[in-house]
Protein chains: 2
Amino acid sequence: MQQGKTRRSNQERSDATRAAIIEAARALFVAKGYADTATPEIVAAVGLTRGALYHHFADKKALFRAVIDREAREVAALIEQSAGENLGPHEALLAGAAAYFDAMAVPGRVRLLLLDGPAVLGVTEMALIDAAHGRRTLEEGLTAAMAPHRLEEKAVKAMAFLLSAAFDRAALEIDAGAARADYAYAIDRLIDRLIAP
Amino acid sequence: MQQGKTRRSNQERSDATRAAIIEAARALFVAKGYADTATPEIVAAVGLTRGALYHHFADKKALFRAVIDREAREVAALIEQSAGENLGPHEALLAGAAAYFDAMAVPGRVRLLLLDGPAVLGVTEMALIDAAHGRRTLEEGLTAAMAPHRLEEKAVKAMAFLLSAAFDRAALEIDAGAARADYAYAIDRLIDRLIAP
DNA sequence: TTGCATACATACAGCCTGTATGTTAGTTAG
DNA sequence: CTAACTAACATACAGGCTGTATGTATGCAA
């Protein structure tokens with residue numbers, strides 16, 4: 001087994017370059033947006049050629065999807081982690097909201113998940129992506145908190161959608177420079193009012 | 001003054017082709033999205049060449065902006081029109097919500113104003129566009145309806161943002177096939193709870 | 001009617017995406 | 001241990017698109 005330079009298995013190589021491409025792509029997508037980021041730029045940042053990119057990803061959109069998917073997964077992980085302590089339904093919702101804002105404070109996330117994502121992949125696919133990951137948490141939380149209201153399931157579901165839209169808008173505004181405290185307060189008040197008896 | 005064919009002033013010609021280009025562009029942007037719509041397609045639909053397009057618009061994005069601007073103006077007009085009757089603050093909000101859903105039911109509007117618009121022009125510019133037109137109505141309505149709550153102005157403003165986000169999400173879901181009744185109910189309930197004493 | 005500006009058309013340069021085809025290194029069968 | 005195969009890339013190429021530069025004809029103004 002010769003060594004010296006870099007003796008790696010194919011699997012390791014593959015994983016490493018895939019990750020490197022995704023990483024570089026994320027940075028550029030964040031800085032310039034999906035449309036204005038060219039594949040030559042991406043691979044140049046990694047020190048590869050476009051051949052490598054198109055070997056690992058079907059096309060530019062597939063690469064974007066990989067970036068989005070990783071991002072959504074991380075957000076979901078942070079939120080679920082916050083729900084770790086067993087709190088009452090109300091406190092759980094508030095904690096989830098705070099965790100969401102924390103997660104979305106990571107630079108670039110707002111643009112990726114709330115702007116370019118829906119436009120490039122479509123709402124349907126984006127809904128699938130974060131339905132699989134994040135939104136179930138909110139829906140379950142709201143269902144628990146609103147149980148006393150005895151609403152139809154689909155009504156609660158709709159309310160959860162609307163609430164998550166409010167979360168997203170708040171994240172967007174905070175990202176655009178608004179004070180987090182203002183929106184955190186508004187969100188908390190919104191939740192309070194929604195689940196109050 | 002010879003006639004027969006088409007004797008038009010330069011101004012008329014200009015306005016007509018501008019409108020025709022915007023119209024054709026709108027149809028294609030709706031059908032295929034901004035990125036997947038090529039300028040050759042657009043002008044072909046009108047029976048012109050790209051020279052005409054680039055004579056009237058600085059670039060493709062400027063044409064898109066013109067489309068968006070017209071669309072936003074129409075939505076705002078419909079909403080303000082609905083606020084015509086002098087109702088109480090609560091009823092005015094509900095009427096405004098219904099008018100918004102009506103306005104956004106026009107095919108393509110959701111995609112233009114809520115998906116491609118923010119992604120292509122950026123949130124900042126989109127915010128300017130419909131702050132100039134539509135959102136002031138909602139903000140004033142909510143301010144009036146929540147006056148008894150004696151909130152700070154910035155808190156009300158934040159709530160208005162969140163509420164408009166809920167409107168947008170509802171329009172998105174309805175556009176994607178959800179039942180309007182479900183979301184109309186959820187929105188009404190949301191408004192009720194927000195402004196209830 | 002002479003001259004300039006406006007409304008377009010045509011032509012061109014550069015870039016980008018996706019695919020097809022090479023080349024090298026790793027993996028596996030005998 | 002080596003021959004055959006496959007995976008990981010690099011190189012080369014074909015279309016298509018954007019934006020600009022330039023040409024032409026028509027309206028307009030002096």
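Quick caveat: nothing in here was measured; it's all calculated off a predicted structure.
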Charged N to carboxylate O below 4.0 Å: is that the case for A:Glu152 and A:Lys157?
-> no
Determine, for A:Arg70 against A:Glu23, whether the closest basic-nitrogen to carboxylate-oxygen distance falls under 4.0 angstrom.
->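 Result for this pair is yes, salt bridge flagged.
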To the nearest angstrom, how far is [X] atom [atom1] from [N] atom [atom2]?
{"X": "A:Arg18", "N": "D:dA7", "atom1": "CZ", "atom2": "P", "result": "15 Å"}
{"X": "A:Gln11", "N": "D:dT6", "atom1": "CD", "atom2": "C1'", "result": "14 Å"}
{"X": "A:Leu63", "N": "C:dC16", "atom1": "CG", "atom2": "C1'", "result": "15 Å"}

Do any side-chain nitrogens or oxygens of [X] fall under 4.0 Å of OP1 or OP2 in [N]?
{"X": "B:His56", "N": "C:dA7", "result": "no"}
{"X": "A:His55", "N": "D:dC9", "result": "no"}
{"X": "B:Thr17", "N": "C:dC8", "result": "yes"}
{"X": "A:Arg13", "N": "D:dC9", "result": "yes"}

Under 6.0 Å from the NZ atom of B:Lys32, do we count more than 12 heavy atoms belonging to anything else shown?
-> yes
Got a donor-acceptor contact below 3.5 angstrom from the A:His56 side chain to the A:Thr17 backbone?
->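 No; zero donor-acceptor contacts below 3.5 Å.
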Between B:Lys60 and B:Tyr34, is NZ or CZ placed under 6.0 angstrom from the six-membered ring centre and within 45° of the ring axis?
-> yes
Scoring nucleotides 10-24 of chain D by protein non-hydrogen atoms under 4.0 Å (B base, S sugar-phosphate only, - none) yields BB-----SBBB----
Check: B:Phe57 and B:Arg65 side chains under 4.5 Å, non-hydrogen atoms = no
